[in-house]
Amino acid sequence: MPATGPETHVDAIVIGAGFAGLYQLLCLRDRLGLSVQVLEAGDGVGGTWYWNRYPGARCDSESHSYAFYFDEALLQDWNWSERYPGQAEILRYLNHVADRFDLRRNIRLNARVMAAEYDEAANLWHVRTEDGARYGATYLITAVGCLSAANIPQIPGLSDFAGQWYHTGLWPHEGVDFTGKRVGMVGTGSTGIQAAPVIAQTAEHLTVFQRTANYSIPARNAPLTEDFKRWAKSHTAEIRGLMHASTNGHPFLMEDRSALDVSDAEREKIYEDAWAYGGLRFRAAFRDLLTSKASNDTAAAFLRAQIRKVVKDPRTAAILANIDHPFATKRPPIDSDYFETFNRDNVSLVDLRATPIERITPAGILTADGTEHPLDIIVFATGFDAMTGPLLRIGITGRDGLSLQEAWREGPKTYLGLQMAGFPNLFTITGPGSPSVLTNMPVCIEQHVEWITACIAHLRAQGVARIEPDPVAVDRWVAHVNDAANATLLPQAGHSWYLGANVPGKPRVFMPYAGGMARYRAICADVAARGYDGFVLD
Ligand code: N01
């Protein structure tokens, strides 16, 4: 592909070649017969799993559910090795999917999209990549993920640091050797909680800088038994059905009981069992953990007590258990020996609430109490400019020169998380306003891709040139997204990335749809069945 030259015309451009982009390509090309160009910034497919190669990177969804379910033969042929799939295994899986369905011939790698502009007269999206290549397409579909724009904190002095620093989401492919190094890790979200135990195994010393203490539940990862593998392969329809029926797209349903309806002893036993079983299923132990503060308090108390039981040094345990938000109002991490790691001699914890970071010096991190923590390597496990960041960084301009930045000045406004008013024929897979990050992502991605594919098929069958949402429908959906969040405890974690609170200056709006995946799926199906109600087709 030449670095510059005439515009290449296709029916559809897909940005990104992770789970979403790969499946969208397959559907548009093989099911609808469209010409499709996928543009991918990385030099390989895999999206999240291409970029996030930090130590300990592993999915929190169980392997048998973290997969495409659209093709039975693919389900039967692929073998997962552990209860939770590691980064390298998921990347192998996505490469297998790309090869199996002959997807690579329509994917351009190392092609970061720098601008996408809608041309009303031609009804075309003009797309430009970093190297100057130009494309034109009727349909533009973003498959850029929700957690792909790294949030690197603006801490004074970083450029003077004499050692190396890394963000977990942009991890070097050759890996990082921590042997004999003094490592500082900033951030204790899902990523930091996965990385710390692994870094501690080789580092001379690991200092964890914690701003917000976090709950975590043991993953209990283990190799899958042959029995389980056989069971999963012979129950794919049942597993798919469960995932489609559940709130979060996982293959288990929430228990239909309140945490307040059982005796203290029964509740303790239920939590003990859920702790021993491990993983995100803990959250489903009672139906009202995210809707009743009193119920949530019981889970929070249990989880804080577990931290105190595991961590031997009482001062360290107190800092780790000093959690300021209800359980699961920030995305609940699951871990392999996270709290146990603080019992190691080569690991220490700094409480940034008591002593915030003042600056980074050439030799390490200086905290407000005047202590300079000497470091050779800093790992920023500081998360992402979530959901809106990946879209805003593309440089999207809709009708009449309306930039996405301008349209979303007060926060993201979408209809169903799928489209924005003023941006005809632009579809956003797992966009803000969809359940996305609150779910097991492949389930949510398959639903979005299939809805978009059916929608484009409808437009073509009916000879419709354009689709975009009615601004009234957008306002109604934004209000509904807010109502759904406010019906839960989720907005109570005031510093969560769900609210955009982790990025200075970002509007505080609860971004994902908290009404549940099953309900969302039904709403989308209903909208389509009623002739794309709320959309303008012309
Ligand atoms: O990011 P996070 P993440 N100074 O934003 C801290 C998914 N995921 O990469 O809470 C000091 O959750 C910040 O502190 P605070 C999953 O959806 C999935 O861990 O803002 N600290 C927090 O502790 C997850 O939720 C999987 O006060 C600073 C941490 O950095 C999402 O990705 C694995 C700081 C960031 O936590 C993001 O997780 C991993 C600063 N200036 C991730 N800025 C799997 O399923 C931020 N922090 C495998």
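Read the numbers this way: they start at 1 and go in the same order the structure lists the ligands and their atoms.
Among protein residues, Tyr54, Arg58, Cys59, Asp60, Leu147, Pro153, Val186, Gly187, Thr188, Gly189, Ser190, Thr191, Gln194, Arg211, Thr212, Lys330, Arg331, Leu352, Ala381, Thr382, Gly383, Phe384, Trp497 come within 4.0 Å of ligand 1, judged on heavy atoms.
A salt bridge links Glu62 to Arg83: at least one charged side-chain nitrogen sits closer than 4.0 Å to a carboxylate oxygen.
Arg58 places no side-chain N or O within donor-acceptor distance of the main-chain N or O of Gln194, the cut-off being under 3.5 Å. Side chain of Asn296 to main chain of Leu289: a donor-acceptor pair is present (N/O by atom type, distance under 3.5 Å, no hydrogens or angles).
Side chains of Tyr271 and Thr298: a donor-acceptor N/O pair is present below 3.5 angstrom, by distance only.
Under the rule for a side chain to side chain donor-acceptor pair (under 3.5 Å), Glu40 has no partner lying at least two apart in sequence or in another chain.
Of the candidates Phe510, Tyr513, Phe384, Phe510 is the only one forming a ring pair (Phe, Tyr, Trp, His ring centres under 6.0 Å) with Tyr498.
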